[in-house]
There are 2 protein chains.
Amino acid sequence: MRVLKYAILGLLDKGELSGYDITSQFKKEIGQFWSAKHSQIYPELKKLTDEGFIEYQTVIQGTKLEKKIYSITKSGKQELDKWLNTFSPIPETAKDEFMLKAYFISSMSKEEANELFTDQLIKRKRKLNHLDERFNELQEKIDDPISFDSPHFGHFLVLTKAIEREKGYIEWLERMLPMLNK
Amino acid sequence: MRVLKYAILGLLDKGELSGYDITSQFKKEIGQFWSAKHSQIYPELKKLTDEGFIEYQTVIQGTKLEKKIYSITKSGKQELDKWLNTFSPIPETAKDEFMLKAYFISSMSKEEANELFTDQLIKRKRKLNHLDERFNELQEKIDDPISFDSPHFGHFLVLTKAIEREKGYIEWLERMLPMLNK
DNA sequence: AAACCCATGTAACGCGTTACATGATTAT
DNA sequence: ATAATCATGTAACGCGTTACATGGGTTT
């Protein structure tokens, strides 16, 4: 399916970026739902350039350091739009290693299961706190209430969804934990 | 990380299975959170046998059809327990192609975004219905209320979590949709 | 007879991570 | 000076999907 291809096209449609910048983006906002390492990104950028979906200018940073600033082409924008307007089926499987362990709870003692779930709850709560902080930072940047036209609307969507995900996890863990305590 | 290794060990710790049976399991209960195709399972079974974590007997079905019934060894059970008792960090990224599209909402028109979100909502509701049906089927099999000791507790955990996941998705989509309508 | 399910395997290819490799620039 | 960050690439390996390949058993 080459999702990375579309992830890069989507990022470049927001603005010009270097390979390094793209790597950085995957560590931030969209990183909750998609990411890739630089070792995968650089070859993909080369491929997309060969295919004519993106192009670049070489820029000198300082005196020697070269960087390539990529931008999306008309052909690339068309390709992106095609993907954005494709309705895909929901994946059968959303892989989650913790839930795989949970499924095998009959292979654990009650104490072991309790520790596993408690550890997961702590980590999910910590993650929710981090996301809440980021949401507060976003709130300060936007003209409340946010709307479709805000340049931060995409960020708002992924942040609220990630927060929903963690809250849902926490709620479920807290609902299951009493069954592992007594 | 070889998660498939542990998925197979976990399944075999519940009972003896053929490669075909394991493939079937991934289409059912645990399929919401982990799965693999038979083309990946058969080589992995061979590898686990070589490593001494599982073993098999050949059984004749009918007159000619051979199948291999696998079971976990003591060494395999130890390996499984080690994994079950390892606390892993929450993954930074839980890949979700729909959310990647959502992040690129600024590349869509309001109408396109509305259609995308509406389509997703319909699909998530349909999935929730299927999961609810499966939950009702499970309810009939168990001595209500379910407890840690029930042989269906693992199934109960993954089903309730999958239902929570879909409900959370639906709730979030319904919260976002008004911003794409007006 | 045909369709569907049971049953096992391999081959080719693409996706993704870790490690290898190098060097410039900026902040402390 | 030193550490952190910016910047780009390749190599090796493992994971995962699609397709190729074969055949037996059961149900309609």
Side-chain angles (χ1 to χ4, degrees), chain A residues 1-8 11 16-28 30-31 33-51 54 56-70 83 88-89 91-97 100, chain B residues 1-8 11 16-28 30-31 33-51 54 56-70 83 88-89 91-97 100:
Chain A
M1 262 291 302
R2 287 186 68 193
V3 180
L4 178 58
K5 164 182 163 178
Y6 300 105
I8 290 175
L11 287 172
E16 303 188 333
L17 294 169
S18 68
Y20 187 87
D21 293 334
I22 292 171
T23 310
S24 305
Q25 297 284 314
F26 283 135
K27 287 175 190 155
K28 295 193 295 179
I30 189 53
F33 297 103
W34 207 268
S35 66
K37 314 282 179 179
H38 78 273
S39 55
Q40 199 184 356
I41 291 164
Y42 288 113
E44 187 65 35
L45 286 170
K46 196 175 188 180
K47 201 173 177 188
L48 289 170
T49 306
D50 292 345
E51 291 168 329
I54 61 175
Y56 68 90
Q57 290 171 261
T58 304
V59 171
I60 306 290
Q61 201 79 347
T63 53
K64 283 183 207 163
L65 187 59
E66 288 192 353
K67 68 171 171 177
K68 294 177 181 170
I69 303 294
Y70 288 89
W83 174 70
S88 308
E92 289 293 319
T93 304
K95 289 194 173 180
D96 184 328
E97 194 175 338
L100 182 63
Chain B
M1 261 291 301
R2 286 186 71 190
V3 180
L4 177 59
K5 164 181 163 178
Y6 300 105
I8 291 174
L11 287 171
E16 302 189 336
L17 294 168
S18 69
Y20 187 86
D21 294 333
I22 292 170
T23 309
S24 306
Q25 297 285 314
F26 282 134
K27 287 175 192 156
K28 296 193 295 179
I30 189 52
F33 297 104
W34 207 268
S35 67
K37 315 280 179 181
H38 77 275
S39 55
Q40 200 184 356
I41 291 164
Y42 289 114
E44 187 65 35
L45 286 168
K46 195 174 189 182
K47 200 171 177 189
L48 290 171
T49 306
D50 292 345
E51 291 168 330
I54 61 176
Y56 68 90
Q57 288 171 262
T58 304
V59 172
I60 306 291
Q61 201 79 346
T63 54
K64 281 183 205 163
L65 185 59
E66 290 193 353
K67 67 171 173 178
K68 292 176 182 172
I69 302 294
Y70 288 90
W83 174 71
S88 308
E92 288 293 318
T93 304
K95 289 195 173 180
D96 184 329
E97 195 175 338
L100 182 62

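Fair warning: this is a prediction, and the values are worked out from it, not measured in the lab. By convention in this document, chain letters (A, B, ...) are assigned in the order of the sequence lines, proteins followed by strands, and residues within each chain are numbered from 1.
Note: OH (A:Y70) to P (D:dA7) measures 13 Å, nearest angstrom.
If you find the closest nucleotide of DNA chain C to B:L45 and to A:Q61, the one lying nearer the 5' end belongs to B:L45. Nucleotides of DNA chain D nearest to B:V3 and B:L65 differ in position, and the one nearer the 5' end is that of B:V3. Taking for each of B:K95 and B:S24 the nucleotide of DNA chain C with the nearest heavy atom, the 5'-most of the two is the partner of B:S24.
Contact footprint of chain A on DNA chain C: nucleotides with an atom under 4.0 Å from a non-hydrogen protein atom, first to last in 5' to 3' order, C:dC15 to C:dT25.
A:W34 and A:Q25 are not linked by any side-chain donor-acceptor pair at a separation below 3.5 angstrom, with hydrogens and angles left out of the test. Side-chain polar atoms of A:S18 and A:D21 form a donor-acceptor pair below 3.5 angstrom.
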- [ ] Start with the C-alpha distance between B:K5 and B:E51, add both sets of side-chain angles, then the distance that settles salt bridge (charged side-chain N to carboxylate O under 4.0 Å, His left out), and finish with yes or no.
- [x] CA-CA 11 Å; B:K5 164 181 163 178; B:E51 291 168 330; 5.1 Å; no
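Using cut-offs of 30° and 60° for the angle between ring planes, the B:Y6 and B:W83 rings count as parallel.
Nearest heavy-atom pair, B:L4 versus B:A36, reported as atom, atom and distance to 0.1 Å: CD1-CB, 3.8 Å.
Across all strands, B:K5 comes closer than 4.0 Å to no nucleic acid atom at all (heavy-atom distances). When heavy atoms are screened at a 4.0 angstrom cut-off, B:T63 is found touching the sugar-phosphate backbone but no base atom. Backbone-only engagement by B:K67 is indicated by non-hydrogen atom pairs under 4.0 Å involving sugar-phosphate atoms exclusively. Contact annotation for A:K37: base contact, defined as any heavy-atom pair under 4.0 Å involving a base atom.
Distance check, rounded to the nearest 0.5 Å: CD1 of B:I41 to OG1 of B:T23 gives 3.5 Å.
Contact annotation: A:Y20 side-chain N/O to D:dT8 OP1/OP2 distance is not under 4.0 Å.
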